[in-house]
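Along the sequence shown, residues carry numbers from 1. Values in this document were obtained by computation on a predicted structure and should not be read as measured data.
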Amino acid sequence: MDWTALPPHGPGQAIGLLGGSFNPAHAGHRHISLIALKRLKLDNIWWLVTPGNPLKDNDGLPPIDERIAQARRIANHPRIKVTGIEAQLGTRFTADTLTRLKRRAPSLHFVWLMGADNLAGFHRWDRWRGIAEALPIAVIDRPGYTQSALTATAADALVRFRIDESDAPLLARREAPAWVFLFGPRSQLSSTALRASSALMERENGVKSVYD
């Protein structure tokens, strides 16, 4: 399968979008995806593996095809599709990617997925208000971020558009802006922690880390 292709889909499907560098993909990504599939009644979730995050230092970032291959091994689910379509679209910012995806697949009902840690810093994203106006958003709780996320600048600005958790299955077909915060079992895993752990182990073993 071409890793830059649009994943298979059918007209009118509800699709969750989880974007990031996936450096590396881990069980936490899968965890929030499975929660979203169930709670939002989604048909599929697409992991959008970015060529490089504009808000992060991309020095030493593994090639996108390697990250996609690793993400597919972690996803290991028929309804979680991994794609590097952002590289084909030539977009660098989420706002641009979403605009192009909506044009490419106008019949689909997209929902943007993010962990609570992302909501805490969402106001620093390029055109974050435009993202909120483009797609409904589902925020999945993460350990240590519940309070900071729900009191963050973006959450405060969008508070009147927040829907109750009981209405989460309706989110994909709601007109944006609309968002929901999903409480529940939380994963402690993060790509940053995994990279740090990998680097430490390799240094202790006298091996240069692939993340250095």
Side-chain angles (χ1 to χ4, degrees), residues 1-20 22 25 29-50 68 71-72 75-91 93-116 118-119 122 125-142 149 154-155 157-184:
M1 178 181 174
D2 178 7
W3 58 259
T4 66
L6 201 66
H9 58 277
Q13 285 187 331
I15 306 292
L17 302 175
L18 183 65
F22 292 90
H29 293 125
R30 191 176 191 274
H31 173 76
I32 66 174
S33 297
L34 294 179
I35 289 176
L37 278 170
K38 181 178 180 180
R39 300 280 299 277
L40 303 175
K41 305 301 181 187
L42 300 174
D43 293 295
N44 289 292
I45 287 178
W46 297 354
W47 286 4
L48 306 179
V49 182
T50 179
I68 287 174
R72 286 176 174 161
N76 191 30
H77 194 284
R79 291 167 61 197
I80 301 176
K81 316 295 184 182
V82 183
T83 176
I85 192 170
E86 201 169 51
Q88 183 198 100
L89 296 175
T91 54
F93 294 98
T94 298
D96 297 321
T97 298
L98 299 185
T99 297
R100 297 288 294 277
L101 281 177
K102 290 176 68 176
R103 288 177 185 164
R104 182 77 69 90
S107 74
L108 299 183
H109 300 280
F110 290 119
V111 177
W112 184 253
L113 308 177
M114 65 169 70
N118 288 136
L119 180 60
F122 188 41
W125 291 28
D126 184 69
R127 287 163 287 162
W128 66 272
R129 291 180 185 272
I131 295 171
E133 291 170 358
L135 297 184
I137 296 173
V139 183
I140 296 88
D141 201 7
R142 296 234 12 226
L158 300 171
V159 65
R160 68 186 184 280
F161 302 113
R162 182 182 172 189
I163 68 172
D164 191 84
E165 274 192 280
S166 62
D167 292 325
L170 308 175
L171 182 68
R173 289 171 172 81
R174 300 244 339 198
E175 185 177 350
W179 66 286
V180 67
F181 193 96
L182 299 178
F183 295 93

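Distance check: I85 CD1 to L101 CG gives 5.5 Å after rounding to the nearest 0.5 Å. The structure places NE2 of H9 at 4.5 Å from CG of L108, a figure rounded to the nearest 0.5 Å. One finds the CG atom of L37 at 5.5 Å from the CG atom of L42 (value rounded to the nearest 0.5 Å). Interatomic distance, CZ of R127 versus CZ of F93, reported as 7.0 Å (0.5 Å rounding).
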| request: Decide side-chain contact (heavy atoms from CB on, under 4.5 Å) for L135 and L17; before the verdict, give the C-alpha distance in whole Å, the side-chain angles of both, and the deciding distance to 0.1 Å. | output: CA-CA 10 Å; L135 297 184; L17 302 175; 4.0 Å; yes
| Would L113 and I32 count as a side-chain contact (heavy atoms from CB on, under 4.5 Å) if you check the C-alpha gap in whole Å, the side-chain angles of each, and the deciding distance to 0.1 Å? | CA-CA 9 Å; L113 308 177; I32 66 174; 5.7 Å; no
| message | Applying side-chain contact (heavy atoms from CB on, under 4.5 Å) to L18 and I80, what does each step give before you reach the verdict? | response | CA-CA 10 Å; L18 183 65; I80 301 176; over 6 Å; no
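Side-chain atoms of R79 never come within 3.5 Å of backbone atoms of I45 as a donor-acceptor pair (strictly under, hydrogens ignored). A donor-acceptor contact shorter than 3.5 Å links the side chain of D43 to the backbone of A14.
Judged as a salt bridge (Lys or Arg N to Asp or Glu O under 4.0 Å), not a single pair has a partner in residues 172-184 (not counting sequence neighbours). The side-chain hydrogen bond (donor to acceptor under 3.5 Å, both in side chains) pairs that include a residue from residues 98-116 are Q88-R104, where partners are two or more places apart or lie in different chains.
A 4.5 Å side-chain heavy-atom check between L170 and I163 finds every atom pair outside the cut-off. In this structure, I140 and H31 have side chains that are not in contact, with every pair of non-hydrogen atoms separated by 4.5 Å or more. Contact of the F122 side chain with the I131 side chain is registered, since non-hydrogen atoms from C-beta on lie closer than 4.5 Å.
Among residues two or more places apart in sequence or in another chain, the side-chain contact (heavy atoms from CB on, under 4.5 Å) test is passed with A149 by A116, L119, F181. In this structure R129 satisfies the side chain to side chain donor-acceptor pair (under 3.5 Å) test with no other residue, sequence neighbours excluded. Partners of R162 according to the salt bridge (charged side-chain N to carboxylate O under 4.0 Å, His left out) rule, which considers only residues two or more places apart in sequence or in another chain, do not exist here. When the side chain to side chain donor-acceptor pair (under 3.5 Å) test is applied to D167, no partner is found at least two apart in sequence or on another chain. For the side chain to side chain donor-acceptor pair (under 3.5 Å) test, no residue two or more places apart in sequence or in another chain qualifies with E133. The side-chain contact (heavy atoms from CB on, under 4.5 Å) search around N118 returns M114, W125, not counting sequence neighbours. Under the side chain to side chain donor-acceptor pair (under 3.5 Å) criterion, S33 pairs with W47, not counting sequence neighbours. Applying the side-chain contact (heavy atoms from CB on, under 4.5 Å) criterion to F161, with sequence neighbours excluded, gives L158, P177, W179. In this structure, H77 has no ring pair (Phe, Tyr, Trp, His ring centres under 6.0 Å) partners at least two apart in sequence or on a different chain.
The two residues P78 and N44 make their nearest non-hydrogen contact at O-OD1, 4.1 Å. In plain terms, the two heavy atoms of R39 and F183 that are nearest each other are NH1-O, 3.1 Å. P136 and A176 get closest at one heavy-atom pair: N-CB, 3.8 Å. Summarising the geometry of V82 relative to R72, their closest heavy-atom pair is O-NH2, 3.0 Å, with the distance given to 0.1 Å.
Among I137, D164, L40, the one residue that satisfies the side-chain contact (heavy atoms from CB on, under 4.5 Å) test with V180 is L40. Applying the side chain to side chain donor-acceptor pair (under 3.5 Å) test between E86 and each of T4, T94, T50 identifies T50 as the sole match. A side-chain contact (heavy atoms from CB on, under 4.5 Å) with T83 holds for exactly one of I68, V49, L48; it is L48.
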